Amino acid sequence: MAKKIIKKSWAEPFKIKVVEPIKMTTREYREKAAKEAGYNTFLLKSEDVYIDLLTDSGTNAMSDRQWAGMMIGDEAYAGSKNFYYLWDNVKKYYGHPYFVPTHQGRAAEHMLSKIMITPGQYVPGNMYFTTTRLHQELAGATFVDVIIDEAHDPYNEHPFKGNIDLKKLDKLVKEVGAKNIAYISMAGPVNMAGGQPFSMKNLREVYDFAKKHKIRLWFDATRATENAYFIKMREKGYQNKTVADILKEMCSYFEGLWVSAKKDLMVNIGGFLATKNKKIYEAARNMVVVYEGLHTYGGLAGRDMEAMAIGIEEMVDFDNIRARIGQVEYFGKQLEKYKIPFVKPIGGHAIFLDAKKILSHMKQDDFPAQTLAAEIFIDSGVRGMERGIVSSGRDPKTGKHRYPKLELVRLTFPRRVYTQAHIDVAVESVASVFEDRKKIKGLKMVYEPEYLRFFQGRFERL
Ligand SMILES: *Cc1c(COP(=O)(O)O)cnc(C)c1O
């Protein structure tokens, strides 16, 4: 007899041991909360949020093993045993021998930018990340986006939209000279392009190019495990390799890397810098003492480093990463049923709603993505964030708004935190706002901080 049941469902490779109650509120309550927060989801009180899809940064659920690890924190000022365990795991899984812990990713970016950049130099990268680019600019560099054009098209289904365009890179090198390139800054999956990975083939080409021109190649490996998973699923020749093997191969092409442990490593705080270059390591080890703390804790407690070390072992587990990316995919597939436009292919950590298309009656100066994020929160208590003109900030030379091609609302999935039922509620809320989209008007900015304005900017309804 032919089988009628098709087994295609997967479930998380864990069960729930501890729960954290969340508050359900009324629309009226949320209207008031949104107004008080200046229609900026970053300024909402977390306790007023029902399902928090603001970010996956530091919002992950740690495992019982990680929590147990917190109890064996060695809080010695110098040389704690957790530091050595973490260092061993960085060597083992990322493959770089030198290591400096930092309190989070941007601290590593700050040090690296200061060490590597001579003012006036250029840093090409595959699109940009907010804190990464800011630290490069503060150190005196000009950032140049060399990602492939497909990345700027939200509906292009290219499987590796995080790839670097070698022609763009070559053009830049010809224009400014290899000596004026501080380093190539590569990240993957690329957050601002919709969580899109780069391929190993592209990385190898960039590596060859960099080597030929004697340009340094550095890796923002914050989400590298997700990139490794996509390579395994999509790139020829990698199906039978483990996520750990792919991660290590990726890292091997770089002179060094930095990581925000608040993502892949599934902890609440932490970061690090790792490299093969002893000189850069020594410079970073000197600098960490000034800005972060001694080089064996870098602003972290011993227990945090223990949880990070365990997180590295858990992040490369195939079932774990499949469930993480599978949840994002499930969300996307549900949205498709309502014909809601969002960035394709479905990314690694988040769904990026196309606010430009959804609110096509609005001008970009009226902040469509900022508006859409506020409306979704008011509708259901689901919190996302703006990734558009507000996040892009102002051009440091002209002082004018940067007008990004994409105007997106990011709904990001913390790791191991929400269930499929939460996802269903969030999908229905987005669908309901989408249905009423024509009634939505924009916002005006009434307070603008100098740096990273999306965090603290305030708005009023038009
Ligand atoms: C989060 C993140 C950073 C910055 O790290 P923090 O820990 O937030 O300081 C840098 N790059 C990427 C790709 C990130 O996702």
Side-chain angles (χ1 to χ4, degrees), residues 42 53-60 94 100-114 116 123 125-139 143 145 147 151 161-162 164 183-198 218-230 247 250-251 254 256-274 284 288 291-293 298-300 304-305 307-308 311-312 315 324-325 328 347-350 352 385 387 391 393 408 410-415 451-452 454-456:
F42 278 104
L53 305 182
L54 183 76
T55 172
D56 61 348
S57 180
T59 53
N60 314 294
Y94 293 87
V100 177
T102 59
H103 82 280
Q104 56 184 85
R106 72 196 68 184
E109 289 172 341
H110 169 223
M111 294 194 301
L112 185 73
S113 303
K114 279 204 164 153
M116 302 278 286
V123 178
N126 50 348
M127 211 171 255
Y128 73 100
F129 186 74
T130 50
T131 58
T132 315
R133 184 177 67 187
L134 178 62
H135 280 295
Q136 290 159 351
E137 288 174 349
L138 288 174
F143 176 83
D145 180 11
I147 204 164
K161 283 165 92 172
I164 281 181
Y183 59 100
I184 299 167
S185 172
M186 198 160 174
V190 180
N191 195 338
M192 307 306 264
Q196 308 294 334
F198 59 74
W218 276 74
F219 188 20
D220 182 343
T222 297
R223 301 173 180 284
T225 316
E226 292 168 5
N227 204 93
Y229 173 82
F230 281 121
L247 174 67
M250 279 161 53
C251 294
F254 294 91
L257 54 92
W258 70 95
V259 164
S260 165
K262 300 168 75 174
K263 323 286 169 57
D264 274 359
L265 279 66
M266 297 173 288
V267 292
N268 305 118
I269 197 75
F272 63 86
L273 193 148
V288 77
Y291 292 105
E292 296 282 296
L300 294 165
D304 298 324
M305 293 188 281
M308 280 166 69
I312 291 176
M315 77 182 183
R324 188 270 185 295
I325 293 178
V328 183
H349 66 305
F352 292 72
M385 76 154 81
R387 287 277 103 137
S391 295
L408 306 171
R410 193 182 83 179
L411 300 168
T412 322
F413 296 81
R415 296 160 190 81
Y451 297 120
L452 303 177
F454 57 95
F455 282 135
Q456 289 159 348

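Numbering of ligands and ligand atoms starts at 1, following listing order. Every value quoted in this text rests on a predicted model; they were computed, and no experiment measured them.
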Keeping [X] on the side-chain end and [Y] on the backbone end, is there a donor-acceptor pair under 3.5 Å?
X      : Y      : answer
Asp220 : Ala187 : no
Asp264 : Ala224 : yes
Asn126 : Gly162 : yes
Gln136 : Ser113 : no

Taking both backbone and side-chain atoms of [X], is any N or O found less than 3.5 Å from an N or O belonging to ligand 1?
X      : value
Gln104 : yes
Ala107 : no
Trp258 : no
Lys263 : yes

Candidate pair Phe254 and Tyr94, rule ring-ring contact (aromatic ring centres under 6.0 Å, His included), full reasoning: CA-CA 10 Å; Phe254 294 91; Tyr94 293 87; over 10 Å; no

Which atoms of ligand 1 are found less than 4.0 Å from any heavy atom of [X]?
X      : answer
Lys262 : 7 (O)
Gly105 : 5 (O), 6 (P), 7 (O), 9 (O)
Arg223 : 15 (O)
Glu109 : 10 (C), 11 (N)
Thr131 : 3 (C), 4 (C), 10 (C)

What protein heavy atom lies closest to [atom]? Include the residue and the distance to one decimal.
atom                    : value
atom 11 (N) of ligand 1 : Asp220 OD2, 2.6 Å
atom 3 (C) of ligand 1  : Phe129 CE2, 3.3 Å
atom 7 (O) of ligand 1  : Ser260 OG, 2.6 Å
atom 8 (O) of ligand 1  : Arg106 NH2, 3.0 Å

Pair Arg133 + Glu109, salt bridge at N-O below 4.0 Å: no

N-O pairing of Asp56 and Lys263 below 4.0 Å: no

Exercise: do Gln456 and Tyr451 side chains pair donor with acceptor under 3.5 Å: no

Member of Asn191, Thr55, Thr412 meeting the side-chain hydrogen bond (donor to acceptor under 3.5 Å, both in side chains) criterion with His349: Asn191

